[in-house]
Participant: 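Could you have a look at this structure, given as structure tokens, before my questions?
Throughout, protein chains are lettered first and strands after them, A, B, ... in sequence-line order, and every chain is numbered starting at 1.
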Protein chains: 2
Amino acid sequence: MEFGHIRRSEHLPARIAGQIARDITEGRMRPGEKLPTEHFLAKALGVSRSVVREAIAQLRNEGLVETRQGVGAFVTEAHARPIRIEQDDLADRQSFRDLFQLRVPLEIEAAGLAALHHTADDLQRIDEALASMSGGEKWTAEGIVADLAFHRAVAAATGNEYFSVFIGFIAERISLAIDAARAAAVLEEIVEVTIEEHVALRDAIASRDPKRAREAMKMHLLGAAKRLDLTLESY
Amino acid sequence: MEFGHIRRSEHLPARIAGQIARDITEGRMRPGEKLPTEHFLAKALGVSRSVVREAIAQLRNEGLVETRQGVGAFVTEAHARPIRIEQDDLADRQSFRDLFQLRVPLEIEAAGLAALHHTADDLQRIDEALASMSGGEKWTAEGIVADLAFHRAVAAATGNEYFSVFIGFIAERISLAIDAARAAAVLEEIVEVTIEEHVALRDAIASRDPKRAREAMKMHLLGAAKRLDLTLESY
DNA sequence: CATATAAGGTTATCAGACAACCTTACAATG
DNA sequence: CATTGTAAGGTTGTCTGATAACCTTATATG
């Protein structure tokens, strides 16, 4: 039997921060507007100033407000706020597949862009990642790290920071989920196939052929999906 | 002349949190490990417990640690941490284009998935967004909101939460950047073209034709890029 | 007019205390 | 012996009040 943790009333500062955050994101407080003072909020909400301070600290951390000592706290401009996606464990098969599905078009596009834009340094990093995967023995934790490094290297070769960061995040999550779920179940053979596909992709990038690079990445990811027993439509 | 703000030593709690965050991300502290107590850290760092608490609150907010009252603070498992990308304003043309370039494959894929998976409710939301754009007068702030709503509705129709959230974030940033940069410069004609393209996309989705939906989204985004004077390779 | 200076308000930090909660050890109970 | 109750100690959560650092504005001051 598993009950999970019951939170009696879920962290006071977080609730207050959530309330204010909703006020901001739903437009009841507009960028530039000044929040009430900490003293006022504490009185108004019936909590101590510590709690209010922690709530505001959270908002600042989420990029929703800026504080200036001696002046006050102000709602930030929307475009300066970080992109942030909560991560729910990928425990269930559904969300794992969904994230994988998101990854596919990103990586395909990245492969094409990498073929067009890679520098000599980029290619060298790709080759290094490739070597460290071939060198290793099996599909161990090390192998997963090497695989991740390869995909990161390709993403970096796009010259587009966003691809780099997004793919880095997503691929890492997927790797971790695989690691946890089925590291033991996979076989050496898979590594061989993976390496083959990596090499094909690497060569397409090296010859600056975006069409072939996209195709190679597509084949690779579809192959990976199949090996993971995922069915992806639309391809 | 613009100096920007000089912070004598940039927010004590943030520096402490940054130090601990580095310890975690660079592997000096491993998942599951317990942090020193707040009292200890305060003594060790020569600051008050308030500062330490705020630092730990920030780490908790970033998903790097979990705190349990009466027990302590612990480094979280890596896969539970949120995806987070700092946003640097899209001020320069380069990063604006880069983000747009990221958006393209995501939205194309989303269109295809929407064609396959949309429900009646999804389609209704798409139509509503479409109507509110046609109804409005010009390419005003309202028009931008309606455009954003349309793209969100399509992303939601994929049935894949990740597409929804990612595209929502990215499209919003791009909208905001456009709003700031060139709202004044765009003309009514553009709205007409945009609506035409939206309708074509909507019909392709409604007829559950992923190939046509992808093509329609591709045309739409490439058209938008052209109107924004962006050149995107690889298509 | 330009520059100091003073005053008041606000956030940042400090200090100490108590409350709420968890873990552990140990006694009590059956 | 196994289970339950109880007490103790440790740790985070919250409260209170005070001081420091900082900003803005108004008011002298030359």
Participant: Which pairs count as salt bridge (charged side-chain N to carboxylate O under 4.0 Å, His left out) when at least one residue sits in residues 30-44 of chain B, sequence neighbours excluded?
Facilitator: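 Salt bridge (charged side-chain N to carboxylate O under 4.0 Å, His left out) check on residues 30-44 of chain B returns B:Glu38-B:Arg49, B:Glu38-B:Arg53.
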Participant: If I take atom NZ in residue B:Lys43 and atom P in nucleotide C:dT13, what distance separates them, rounded to the nearest angstrom?
Facilitator: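 Nearest whole value for this atom pair: 18 Å.
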Participant: Does the protein touch nucleotides 7-13 of chain D at the base, only the backbone, or not at all? Give it as B, S and - per nucleotide, heavy atoms under 4.0 Å.
Facilitator: ---BBBB
Participant: With sequence neighbours left out, what residues match B:His117 under side chain to side chain donor-acceptor pair (under 3.5 Å)?
Facilitator: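 Partners of B:His117 under the side chain to side chain donor-acceptor pair (under 3.5 Å) test: A:Glu233.
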Participant: Under the side-chain contact (heavy atoms from CB on, under 4.5 Å) rule, collect the residues that match up with A:Ala57, sequence neighbours excluded.
Facilitator: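 side-chain contact (heavy atoms from CB on, under 4.5 Å) list for A:Ala57, sorted by chain: A:Arg60, B:Glu54.
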Participant: Who are the side-chain contact (heavy atoms from CB on, under 4.5 Å) partners of B:Ala156, not counting sequence neighbours?
Facilitator: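 With sequence neighbours excluded, B:Ala156 shows a side-chain contact (heavy atoms from CB on, under 4.5 Å) to B:Ser164, given in chain and number order.
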Participant: Can you tell me if A:Ser48 touches the phosphate of D:dT14, counting only side-chain N or O atoms and a distance under 4.0 Å to OP1 or OP2?
Facilitator: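 No, no such contact exists.
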Participant: Tell me, please, which residues at least two apart from B:Ala224 pass side-chain contact (heavy atoms from CB on, under 4.5 Å).
Facilitator: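 By the side-chain contact (heavy atoms from CB on, under 4.5 Å) rule, B:Ala224 matches B:Phe100, B:Arg227.
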